[in-house]
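Here the structure is laid out as structure tokens; the discussion comes afterwards.
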Number of protein chains: 2
Amino acid sequence: MIKLSTKGRYGTRLMLNLARHYGNGADAVILKRIAEEERISIRYLEQIIIPLKINRLVKSVRGAGGGYSLARGPEDIRLSEILRAVEGNCCLVECLEDGSYCEFVGTCPTFDIWKGASDLLRDYFESLTLRDVMARAGKKGRKAQARAGR
Amino acid sequence: MIKLSTKGRYGTRLMLNLARHYGNGADAVILKRIAEEERISIRYLEQIIIPLKINRLVKSVRGAGGGYSLARGPEDIRLSEILRAVEGNCCLVECLEDGSYCEFVGTCPTFDIWKGASDLLRDYFESLTLRDVMARAGKKGRKAQARAGR
DNA sequence: CGGAAATCAACATTGTTTTATAGGAATTAT
DNA sequence: ATAATTCCTATAAAACAATGTTGATTTCCG
Ligand code: FES
Ligand code: FES
């Protein structure tokens with residue numbers, strides 16, 4: 001029913017991977033490496049990264065020694081930007097952004113319901129930056145290590 | 001990216017339509033009428049109502065004079081039930097319910113993020129009954145009428 | 001310098017799922 | 001019997017997901 005598309009999921013993991021390698025000497029990360037680390041088809045990643053580039057969330061360097069890198073710091077990129085970039089929009093139902101999509105938007109009893117849900121999601125993803133996600137994942141990783149070490 | 005499927009949307013409007021006709025003398029509502037009122041293909045509605053029936057959210061009466069009606073009162077049916085019924089599950093990403101869907105659920109940095117969003121949505125739809133939605137729509141309708149009357 | 005290798009870029013193709021339509025069989029009231 | 005209705009199965013069309021092929025640009029190295 002309400003499914004996050006693979007583009008949204010893969011795009012986020014792609015950006016998160018770039019964020020992990022951000023500003024540590026090696027300038028650009030090649031897509032092949034991300035594909036291997038994230039176990040995602042490189043061909044598919046190539047398609048997904050295009051809108052990320054267009055929306056200036058990543059920079060690319062062509063040719064040997066090239067690759068991709070974040071266009072800004074991880075603390076300055078929000079999940080909502082990524083999700084909006086890989087899809088055209090970021091709303092739960094079309095009618096929220098395209099008034100002509102449904103016939104009677106003005107009187108539709110479900111419109112407000114979907115809008116409420118959509119706002120909820122938007123605020124949530126708006127509140128999370130790549131750095132936040134990395135921080136959370138860091139904690140989680142340490143916990144997992146602790147469990148394994150016992 | 002995060003789209004509510006047409007099954008979810010149509011299913012909700014279908015149930016809301018049944019809710020409006022609930023307990024007002026005429027026992028069952030025929031699907032043809034709902035299809036006309038909601039401007040949704042009757043053939044498609046037929047498919048959507050099947051899981052609603054299986055999950056005991058609606059009752060059906062076959063043959064001439066038959067039709068569908070809510071299995072319980074509108075105050076006792078939550079949107080989450082409808083959405084879960086028309087889709088198999090109600091989670092934003094498969095891995096939340098199917099641990100084998102992703103490879104490294106335990107260490108995936110995005111897992112918790114999607115879970116957070118999924119919980120948000122679940123709580124939201126869990127908190128809304130068909131009666132609540134009707135009440136909201138009623139207010140909205142009166143406002144629209146007031147605007148038109150000026 | 002000049003070719004080979006590495007890498008991004010662009011386009012085409014295939015496979016899968018979702019959305020929607022179609023036809024008719026089974027059931028029931030009149 | 002006939003008409004109205006749900007129920008079942010098949011198929012067509014569109015969107016989404018994934019793979020394949022080729023081309024363009026840059027670096028590296030002999
Ligand atoms: S206005 Fe689009 S779902 Fe009602
Ligand atoms: S575990 Fe499924 S998205 Fe990471």
Side-chain angles (χ1 to χ4, degrees), chain A residues 1-14 18 21 26-36 38-71 83 86-89 93-94 98 101-102, chain B residues 1-14 18 21 26-36 38-54 57-71 83 86-89 93-94 98 101-102:
Chain A
M1 37 149 277
I2 306 182
K3 275 288 173 305
L4 180 57
S5 72
T6 57
K7 284 191 182 175
R9 280 191 288 128
Y10 295 170
T12 304
R13 278 163 64 191
L14 165 53
L18 287 179
H21 295 119
D27 299 313
V29 183
I30 63 174
L31 212 49
K32 181 157 169 283
R33 178 172 170 186
I34 298 180
E36 279 163 5
E38 303 290 337
R39 317 284 172 97
I40 303 172
S41 148
I42 187 170
R43 300 298 182 188
Y44 201 24
L45 281 182
E46 281 175 350
Q47 290 177 57
I48 291 170
I49 210 168
I50 293 173
L52 293 173
K53 205 169 105 83
I54 293 175
N55 284 276
R56 320 246 173 192
L57 294 175
V58 307
K59 292 179 299 190
S60 68
V61 178
R62 299 183 69 160
Y68 293 97
S69 55
L70 292 187
L83 294 174
V86 295
E87 293 286 316
N89 54 44
V93 295
E94 283 305 326
D98 175 3
Y101 185 76
C102 287
Chain B
M1 39 149 277
I2 306 182
K3 275 288 173 306
L4 180 56
S5 72
T6 58
K7 284 193 182 174
R9 281 191 288 128
Y10 294 171
T12 304
R13 279 163 64 192
L14 166 53
L18 287 180
H21 296 118
D27 299 313
V29 183
I30 64 175
L31 213 49
K32 184 156 167 281
R33 178 172 169 185
I34 298 180
E36 279 163 6
E38 303 290 336
R39 316 286 172 98
I40 303 171
S41 147
I42 187 171
R43 297 298 186 181
Y44 200 25
L45 282 181
E46 282 177 349
Q47 290 177 55
I48 291 171
I49 210 168
I50 292 173
L52 293 172
K53 206 170 106 81
I54 292 175
L57 294 174
V58 306
K59 293 178 299 188
S60 69
V61 178
R62 300 185 68 164
Y68 294 96
S69 55
L70 293 187
L83 294 174
V86 294
E87 293 288 318
N89 55 43
V93 294
E94 282 304 329
D98 175 3
Y101 186 76
C102 286

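Sequence lines set the chain letters: A, B, ... in the order given, protein chains first and strands last, and positions in each chain run from 1.
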Sequence-distant partners of [X], salt bridge (charged side-chain N to carboxylate O under 4.0 Å, His left out), two or more places apart:
X	value
A:K59	none
B:K53	none
A:R62	none

Could you check how far [atom1] of [X] sits from [atom2] of [N], rounded to whole Å?
X	N	atom1	atom2	result
A:E94	C:dT18	CD	P	18 Å
A:I42	C:dA6	CD1	C1'	11 Å
B:L31	C:dA22	CG	C1'	16 Å
B:I30	D:dC7	CD1	C1'	15 Å
A:L14	C:dC8	CG	P	11 Å
B:R39	C:dA20	CZ	C1'	18 Å
A:R9	D:dC16	CZ	P	15 Å

[X] vs [N]: side-chain N/O to OP1/OP2 distance below 4.0 Å:
X	N	result
A:S41	D:dT19	yes
A:S60	C:dC8	no
A:Y10	D:dA18	yes
A:T6	D:dA17	yes
A:Y68	C:dA9	yes

The criterion is side-chain hydrogen bond (donor to acceptor under 3.5 Å, both in side chains); which residues satisfy it with A:N55, sequence neighbours excluded?
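By the side-chain hydrogen bond (donor to acceptor under 3.5 Å, both in side chains) rule, A:N55 matches no residue at all.
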Residues from residues 44-56 of chain A sitting under 4.0 Å of DNA chain D, heavy atoms only?
A:Y44, A:Q47
Any protein N or O atoms within reach of nucleotides 1-4 of chain C? Criterion: under 3.5 Å, listing atom names and distances.
none

Side-chain donor or acceptor of A:R13 paired with backbone N/O of A:E38 under 3.5 Å
yes
Which residues satisfy the ring pair (Phe, Tyr, Trp, His ring centres under 6.0 Å) test with B:Y44, sequence neighbours excluded?
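B:Y44 satisfies ring pair (Phe, Tyr, Trp, His ring centres under 6.0 Å) with B:Y10 only.
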Give the B/S/- string for nucleotides 25-30 of chain C, one per nucleotide from 5' to 3', where a protein heavy atom under 4.0 Å of the base yields B, of only the sugar-phosphate yields S, and otherwise -.
-BBBS-
Rounded distance (nearest 0.5 Å) linking atom [atom1] of [X] with atom [atom2] of [Y]:
X	Y	atom1	atom2	answer
B:I48	B:S41	CD1	OG	8.5 Å
B:L52	B:S60	CG	OG	11.5 Å
B:I49	B:L14	CD1	CG	4.5 Å

By nearest heavy atom, map A:G66 and A:K7 onto DNA chain D; which one lands nearer the 5' end?
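Looking at the nearest nucleotide for each, A:K7 comes out on the 5' side.
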Return whichever of B:K32 or A:R43 has its heavy-atom-nearest nucleotide of DNA chain D closer to the 5' end.
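It is B:K32, whose closest nucleotide lies nearer the 5' terminus.
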Residues which pass side chain to side chain contact (heavy atoms under 4.5 Å, CB included) with B:E94, listed by chain and number, not counting sequence neighbours
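For B:E94, the residues satisfying side chain to side chain contact (heavy atoms under 4.5 Å, CB included) (neighbours in sequence not counted) are A:K3, B:N89, B:Y101.
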By side chain to side chain contact (heavy atoms under 4.5 Å, CB included), which residues pair with A:R33, not counting sequence neighbours?
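With neighbours one apart ignored, the set is A:H21, A:V29, A:I30, A:E37.
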Could you list all the salt bridge (charged side-chain N to carboxylate O under 4.0 Å, His left out) pairs where at least one residue sits in residues 43-52 of chain A, not counting sequence neighbours?
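Sorted pair list: A:R43-A:E46.
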